[in-house]
Participant: 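Take a look at this one; I'll ask things after.
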Amino acid sequence: MFVKDTLLPLLQEHHISYQLYAHEALGHGDIDIELPDMQGVILKNLVLTNKTHELYMFTLPLSYRADLKALSNALGVPRFSFASVSDLAFMGIPAGHVSPLCLFNDLGLTVHYVQPVEMDGIELVNCHPLDNHFSIDIKRTDLEALVQESGHTITKVEGTLK
């Protein structure tokens with residue numbers, strides 16, 4: 001299982017540049033604390049499930065809201081609900097610490113990874129390195145390459161943001 005202290009050396013091994021920031025714990029997209037001056041677009045990650053118990057991670061910019069009905073229609077899957085903490089236990093990542101980087105802990109490729117097409121226009125993003133007391137600025141293309149290296153495919157969808 002990857003944790004922050006084993007993930008960051010992996011980024012260095014792959015010659016991926018990042019800027020690490022320490023801050024108070026962030027959770028569930030609510031930023032009520034003072035953050036360092038981070039340059040990347042802050043991402044949020046919704047972990048969703050449907051009536052067939054498939055898991056989906058939808059990563060989007062913090063400033064947007066997801067249209068879950070449009071997302072389920074775009075993917076052609078039954079209606080979504082939010083996954084429970086127990087649904088994520090197999091990845092060893094507590095709620096509030098989720099980021100696309102936790103897909104390295106999804107060895108069975110259980111989670112479907114999804115992004116809105118609007119993310120293609122973003123150069124630098126900001127996400128947790130498996131610990132919500134820290135954030136990293138990383139190129140979106142490097143983050144996507146890491147998702148693919150974890151064995152996951154990236155599904156890009158249109159019309160899913162509000």
Participant: Does the side chain of His14 reach to within under 4.5 Å of the side chain of Glu149, using non-hydrogen atoms?
Facilitator: yes
Participant: Measure the shortest side-chain to side-chain distance between Asp131 and His97 over non-hydrogen atoms and say whether it is less than 4.5 angstrom.
Facilitator: yes
Participant: Under a 4.0 Å threshold between the charged nitrogen and the carboxylate oxygen, would Glu118 count as salt-bridged to Lys156?
Facilitator: no
Participant: State, yes or no, whether a side-chain contact exists between Asp142 and His15 at a heavy-atom distance under 4.5 Å.
Facilitator: no
Participant: With rounding to the nearest 0.5 angstrom, report the CG to OG1 distance, Leu60 to Thr160.
Facilitator: 7.5 Å
Participant: Please test Arg140 against Met119 for side chain to side chain contact (heavy atoms under 4.5 Å, CB included), starting from the C-alpha separation and ending with a verdict.
Facilitator: CA-CA 8 Å; Arg140 177 194 45 84; Met119 293 242 329; 4.2 Å; yes
Participant: Which pair of heavy atoms, one from Phe104 and one from Leu107, lies closest together, and at what distance?
Facilitator: O-CD2, 3.5 Å
Participant: Would you say that Asn45 contacts Phe58 through its side chain, given a criterion of any heavy-atom pair below 4.5 Å between the two side chains?
Facilitator: no
Participant: Taking Leu143 as the starting point, is it possible to reach Val114 by hopping between hydrophobic residues whose side chains are less than 4.5 Å apart?
Facilitator: no
Participant: Flag the pair Thr155 / Gln115 as yes when at least one side-chain heavy-atom distance between them is below 4.5 Å, and no otherwise.
Facilitator: no
Participant: Measure the spacing between CD1 of Ile138 and CG of Leu11 and express it to the nearest 0.5 Å.
Facilitator: 5.5 Å
Participant: Write down the atom of Ser135, the atom of Asn126, and the distance for their closest heavy-atom approach.
Facilitator: CB-OD1, 3.2 Å
Participant: Could you tell me the separation between the SG atom of Cys127 and the CG atom of Asn132, rounded to the nearest 0.5 Å?
Facilitator: 12.5 Å
Participant: Can you confirm if the aromatic rings of His152 and Tyr113 lie within a centre distance of less than 6.0 Å?
Facilitator: no
Participant: Do Met38 and Leu62 share a hydrophobic cluster (ILVMFWY, side-chain heavy atoms under 4.5 Å, transitive)?
Facilitator: yes
Participant: When you look at Asp120 and Glu144, which way does the side chain to side chain contact (heavy atoms under 4.5 Å, CB included) test go after all the steps?
Facilitator: CA-CA 10 Å; Asp120 288 348; Glu144 290 174 349; 4.2 Å; yes
Participant: If you take the centroid of each ring, where Trp contributes its six-membered ring, are Phe134 and Tyr21 closer together than 6.0 Å?
Facilitator: no
Participant: Any idea which heavy atoms bring Pro61 and Ile122 closest together, and the distance?
Facilitator: CG-CD1, 3.8 Å
Participant: To the nearest 0.5 angstrom, please state how far the NE2 atom of His112 sits from the OG1 atom of Thr49.
Facilitator: 9.5 Å
Participant: Quick check on Lys4: does its NZ atom have over 12 non-hydrogen neighbours (other residues, nucleotides or ligands) under 6.0 Å away?
Facilitator: yes
Participant: Please determine whether side chain to side chain contact (heavy atoms under 4.5 Å, CB included) holds for the pair Thr59 and Val147, giving the CA-CA distance in whole Å, both sets of side-chain angles, and the decisive distance to 0.1 Å.
Facilitator: CA-CA 12 Å; Thr59 298; Val147 166; over 6 Å; no
Participant: Can you see which heavy atom on Leu130 is nearest to which on Ser99, and at what distance?
Facilitator: CD2-OG, 4.3 Å
Participant: State the CG-CG distance between Leu55 and Asn50, to the nearest 0.5 angstrom.
Facilitator: 8.5 Å
Participant: Please report the closest heavy-atom contact between Ala22 and Pro36, naming both atoms and the distance.
Facilitator: O-CG, 3.5 Å
Participant: Same cluster or not: are Val111 and Leu75 linked, directly or through other Ile, Leu, Val, Met, Phe, Trp or Tyr residues, by side-chain heavy atoms under 4.5 angstrom apart?
Facilitator: no
Participant: Under 4.5 Å between side-chain heavy atoms, hopping through other hydrophobics if needed: is there a path connecting Leu46 to Ile93?
Facilitator: no
Participant: Side-chain heavy atoms nearer than 4.5 Å, only ILVMFWY residues, links allowed to pass through others: does that put Tyr18 and Leu101 together?
Facilitator: yes
Participant: How long is the span from the CG atom in Asp137 to the CG atom in Leu124, to the nearest 0.5 Å?
Facilitator: 4.5 Å
Participant: Tell me, with the steps shown, if Val47 and Tyr56 meet side chain to side chain contact (heavy atoms under 4.5 Å, CB included).
Facilitator: CA-CA 6 Å; Val47 182; Tyr56 292 80; over 6 Å; no
Participant: For residues Glu54 and Thr110, determine if any side-chain heavy atom of one lies less than 4.5 Å from a side-chain heavy atom of the other.
Facilitator: no
Participant: Looking only at heavy atoms, which two atoms of Met91 and Asn105 are closest? And how far apart?
Facilitator: O-ND2, 3.1 Å
